[in-house]
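Everything on this sheet refers to the single structure shown next.
Throughout, residue positions are numbered sequentially from 1 according to the sequence presented. Worth knowing before you read on, the calculation uses all heavy atoms, side chains too, and leaves out hydrogens, waters and symmetry mates. Just so you know, these numbers come straight off a predicted model, no measurement behind them.
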Amino acid sequence: MVPLGSLLLPMLVSAVVVFFLSWLIHMVLKYHKSDWVKLANEDGVMEALRKFDIPPGDYMMPCGSGPESMKDPAFLDKFKKGPVAIMTFMPPGKMAMGKSLGLWFCFCLFVSLFAAYIAGHALPAGANYLEVFRFTGATAFAAFGLAQAQDSIWYQRKWSTTFKNMFDALLYGLFTGGVFGSMWPSS
């Protein structure tokens with residue numbers, strides 16, 4: 001067993017590496033560019049929704065009051081006629097990425113903490129690179145990627161977007177495993 005305190009540096013370094021890798025993926029490689037599609041009449045839709053002053057939050061339409069709604073003829077008629085949508089409304093105003101980037105970095109640290117915790121309990125100091133790589137990389141991949149499928153299963157997100165996100169998670173896992181493997185305490 002390796003104490004968590006002795007893994008603080010690999011946790012921090014792997015979080016920084018994943019943070020910058022995600023920047024590279026989104027700002028340089030840009031294969032996520034097709035994840036979102038612009039509405040045909042974006043201005044008209046925005047103008048129509050603006051008058052409702054919808055507070056930030058997650059919404060569904062039509063939205064039932066529970067499983068019994070799936071039998072309600074009025075709800076079923078709304079669903080049949082459409083549009084059917086799941087929406088997240090964000091606060092209007094100046095676009096600022098600082099908070100989201102800060103939260104993303106905290107999440108990267110959190111994933112590294114779990115990878116360190118699991119590997120630290122499973123492996124001794126001096127474990128070989130590949131063992132450390134496997135434990136930490138698999139843990140990071142699971143944390144970053146496996147839950148992505150839920151959005152395609154339940155909310156109809158495009159599977160292509162989900163697979164791209166899972167590919168990103170695989171890269172994050174590989175890099176996390178590489179950092180931990182190369183920085184694992186020798187004794």
[atom1]/[X] to [atom2]/[Y] distance, rounded to the nearest 0.5 angstrom?
X      : Y      : atom1 : atom2 : value
Asp151 : Trp159 : CG    : CH2   : 9.5 Å
Leu21  : Leu29  : CG    : CG    : 8.5 Å
Phe135 : Ile118 : CZ    : CD1   : 9.0 Å
Leu39  : Met46  : CG    : CE    : 9.5 Å
Met61  : Ile86  : CE    : CD1   : 11.0 Å
His32  : Ser160 : NE2   : OG    : 10.5 Å

Report task. Taking the six-membered ring for Trp and the full ring for Phe, Tyr or His, determine whether the centres of Phe167 and Phe163 are under 6.0 Å apart. Result ->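 No, ring centres 6.0 Å or more apart.
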
Query raised in the report: Can the ring centres of Trp104 and Phe144 be said to be less than 6.0 Å apart?
Result: yes

How far apart are the closest heavy atoms of [X] and [Y], and which atoms are they?
X      : Y      : result
Gly120 : Leu7   : CA-CD1, 4.3 Å
Asn165 : Arg157 : ND2-NH1, 3.9 Å
Glu131 : Asn128 : N-OD1, 2.9 Å
Ala140 : Gly173 : CB-CA, 3.8 Å
Phe180 : Ser14  : CE1-OG, 3.5 Å
Ser182 : Val179 : OG-O, 3.1 Å

Quick check: are there more than 12 heavy atoms from other residues, nucleotides or ligands sitting under 6.0 Å from [atom1] of [X]?
X      : atom1 : value
Phe79  : CZ    : no
Phe20  : CZ    : no
Phe110 : CZ    : no
Phe175 : CZ    : no
Phe107 : CZ    : yes

Query raised in the report: Using a distance-only test with no angle check, is there a side-chain donor-acceptor pair under 3.5 angstrom linking Lys158 and Ser34?
Result: no

Report task. Only one of Leu146, Thr136, Val111 passes side-chain contact (heavy atoms from CB on, under 4.5 Å) with Phe141; say which it is. Result -> Leu146

For the hydrophobic clusters of this structure (ILVMFWY residues joined by side-chain heavy atoms under 4.5 Å, transitively), does one cluster hold both [X] and [Y]?
X      : Y      : value
Met90  : Leu103 : no
Met70  : Trp154 : no
Met183 : Val17  : yes
Val16  : Leu101 : yes
Val28  : Met97  : yes

Requested in this report: Without swapping roles, check the side chain of Ser22 against the backbone of Phe19 for a donor-acceptor pair under 3.5 Å.
Outcome: yes

Requested in this report: Taking Ser69 for its side chain and Gly66 for its backbone only, find out whether a donor-acceptor pair lies under 3.5 Å.
Outcome: yes

Query raised in the report: Do the ring planes of His121 and Tyr117 sit parallel (below 30°), tilted (30 to 60°) or perpendicular (above 60°)?
Result: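 It falls in the perpendicular class, over 60°.
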
Report task. Go through the steps for Val2 and Trp184 under the test side chain to side chain contact (heavy atoms under 4.5 Å, CB included), then give the verdict. Result -> CA-CA 9 Å; Val2 176; Trp184 196 253; 3.5 Å; yes

**Report entry** All ring pair (Phe, Tyr, Trp, His ring centres under 6.0 Å) counterparts of Phe133, not counting sequence neighbours
**Finding:**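 Once residues adjacent in sequence are excluded, the partners of Phe133 under the ring pair (Phe, Tyr, Trp, His ring centres under 6.0 Å) criterion are Tyr129.
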
**Report entry** Pair Asp168 + Lys164, salt bridge at N-O below 4.0 Å
**Finding:** no

Report task. Could you please spell out the steps behind the side chain to side chain contact (heavy atoms under 4.5 Å, CB included) verdict for Met166 and Thr162? Result -> CA-CA 6 Å; Met166 291 176 99; Thr162 294; 3.9 Å; yes

